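Written below as structure tokens is the structure these notes are about.
No experiment lies behind these values; they were computed from the predicted model shown. Just so it is clear: chains get the letters A, B, ... in the order the sequence lines come, proteins before strands, and each one is counted from 1.
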Protein chains: 2
Amino acid sequence: MSTAAPAGYDPHAFEPFAVTVDLAVFTVRGGRLHVLLVERGEDPYKGHWALPGGFVLPRESAESAARRELAEETGLTEDTAGALHLEQLRTYSDPDRDPRMRVVSVAYAALVPDLPEPRGGGDAAGARWWDAGALGPLAFDHDRILADAHDRIGAKLEYSCLATAFCPPEFTLGELQQVYETVWGVELDRPNFRRKVLTTPGFVQAVEGSPRRTGGRGKPAALYRAGAATALHPPLLRPEGRST
Amino acid sequence: MSTAAPAGYDPHAFEPFAVTVDLAVFTVRGGRLHVLLVERGEDPYKGHWALPGGFVLPRESAESAARRELAEETGLTEDTAGALHLEQLRTYSDPDRDPRMRVVSVAYAALVPDLPEPRGGGDAAGARWWDAGALGPLAFDHDRILADAHDRIGAKLEYSCLATAFCPPEFTLGELQQVYETVWGVELDRPNFRRKVLTTPGFVQAVEGSPRRTGGRGKPAALYRAGAATALHPPLLRPEGRST
DNA sequence: CACCTTTATAGTCAGAGTGACTATTAAGGA
DNA sequence: TCCTTAATAGTCACTCTGACTATAAAGGTG
């Protein structure tokens, strides 16, 4: 911002950059981490799967663009999508990441509870959830973006209350534990997990009236809602190594 | 990346975005956190101080641009600057953040040991280190970027070995402790800090021959170098609350 | 219906890590 | 020589965690 623009800020005098957003939208389905992908209908990478995303419009911020795309691709209303957790990951700016032109992309990660299969509407040829553990190569540098997103989400679960974003409004501690186990790919000790969650003020709060979820196999579990806290002190560390 | 470009990817057909980098370059001087700022020589914000930065060139990545600007502003060679720790913070894309045109900026944070005052070379009217705790309002949204950078650095000290990046090649544990105290703005217990650092494998390693730094006021301190580890397990948590 | 399986919940116990200390050592300065 | 300063060594209690065992309450099966 300190140097003069090439050719003194004439907006059309230099080779322009396109700015896009890419979204890594995660959910937990049946104990597996899933990610929303769209099938590319045109070259390059025609027929490949890619992260949803699109161009940032002239009068919107990258985050607004991300929320708009998220609403379009998931079929949620913009109001609902506006309430979702959306986290800016990082920006990818390799000069050759798109063979057509110079595209700088701001990547976001979103966490959603289990949603219905997306309608194939919009401009994408098709959109569906994929098991994040069994993916073929994606278009562009989206493998890298997806890996970065997974790392970030995993790290964030350690020191934030973000895991509740994967859960429906009311959930059991077993469901919350499964979020951690699914994202981290490990098994956790149930009593210890329970103790940690319940002794962290504001992580979860019991639903009034102490209802229980019946119909399962074992003893009915108590229901909880997300609490007011956002950070976890001390953190809930993964059994082994780290990321980032 | 899934939607068609406006006007089918004709690079000049839509209003272009400029892409810049902004750098928050931190150092510790005399027990205070300092940040490198440049004085703006032209409107808007003429006479205000701003983060160093500049345009991303057509054939370079944002990170390359950041390293190039860092070398220019600090007077270091590109080789030296290439070895410095540079961390992508986030991207700022508010449509009105620059009154002249649409500028999307990728912000980076850099940590350097105490350096000489920068020469006023390059295109900036002037460049100098400022005490990060006593700053007037900066140009553009740079106050916000600087605050985000400070938060990120503080959080990273907790779970990484990054603090050694603020230190010269050989340093005492007291100097390392002062990095933590300066960035966090707290005082730490010396024996406890020492115990934590020394029992974390790979955080620091004693300089061979066990030399000591004499000339100070008290007992000479042993010298250490940065170790091979990059992550801190378990983390070195701040006395009180959190960030991010 | 008795019994097994499954899941939730309660509780115990030892070890690691940390915060708050006190004590000792080794330099410079008055 | 004594005082001040800073580094280093060590203690102790408390918290948190990992690894357990035990009990409760549902569904399923013969």
Q: Quickly work out the A/Tyr159 OH to D/dC16 P distance and round it to whole Å.
A: 21 Å
Q: Return the orientation label for the A/Phe26 and A/His150 ring planes: parallel under 30°, perpendicular over 60°, tilted otherwise.
A: tilted
Q.
Parallel, tilted or perpendicular, judged at 30° and 60°: which one describes the rings of A/Trp184 and A/Tyr180?
A. perpendicular
Q.
Distance check needed: D/dA6 P versus B/Phe171 CZ, whole Å only.
A. 20 Å
Q.
Output the rounded distance in Å from CG (A/Leu237) to P (C/dA16).
A. 17 Å
Q. Contacts to DNA chain D from residues 192-205 of chain A, heavy-atom cutoff under 4.0 Å, which residues?
A. A/Asn192, A/Arg195, A/Lys196
Q: Would you kindly compare B/Arg212 and A/Pro235 by the position of their nearest DNA chain D nucleotide and give the one closer to the 5′ end?
A: B/Arg212
Q.
I need the CD-P distance between A/Gln178 and C/dT7, as an integer number of Å.
A. 10 Å
Q) Taking atom C1' of D/dA6 as reference, at what distance in whole Å does atom CG of B/Leu223 sit? A) 14 Å
**Q.** Residue among B/Glu63, B/Gln88, B/Glu69 satisfying side chain to side chain contact (heavy atoms under 4.5 Å, CB included) with B/Val21
**A.** B/Glu69
(Q) I want to check something: taking the side chain as every heavy atom from C-beta on, are A/Leu51 and A/Leu23 in contact at a cut-off of under 4.5 Å? (A) no
Q: Give the B/S/- string for nucleotides 22-30 of chain D, one per nucleotide from 5' to 3', where a protein heavy atom under 4.0 Å of the base yields B, of only the sugar-phosphate yields S, and otherwise -.
A: --BBBSS--
(Q) Using side-chain heavy atoms (C-beta onward) and a distance below 4.5 Å, is A/Arg144 in contact with A/Tyr92? (A) yes
Q) Quick one: B/Leu188 CG to C/dA20 C1', roughly how many Å, whole number? A) 13 Å
(Q) Please report the distance, rounded to the nearest Å, between CG in B/Leu232 and P in C/dG17. (A) 12 Å
Q: Assess the side chains of B/Ser105 and B/Asp22: does a donor N or O sit below 3.5 Å from an acceptor N or O?
A: yes
Q: Report the distance from atom CZ of B/Arg225 to atom CD of B/Glu170, rounding to the nearest 0.5 Å.
A: 4.0 Å
Q: For the residue pair B/Leu223 and B/Arg212, establish whether any side-chain heavy-atom pair is separated by less than 4.5 Å.
A: no
Q. CZ of B/Arg213 versus P of D/dA6: gap in Å, rounded?
A. 15 Å
**Q.** Non-hydrogen side-chain atoms of A/Asp114 and A/Val28 separated by less than 4.5 Å
**A.** no
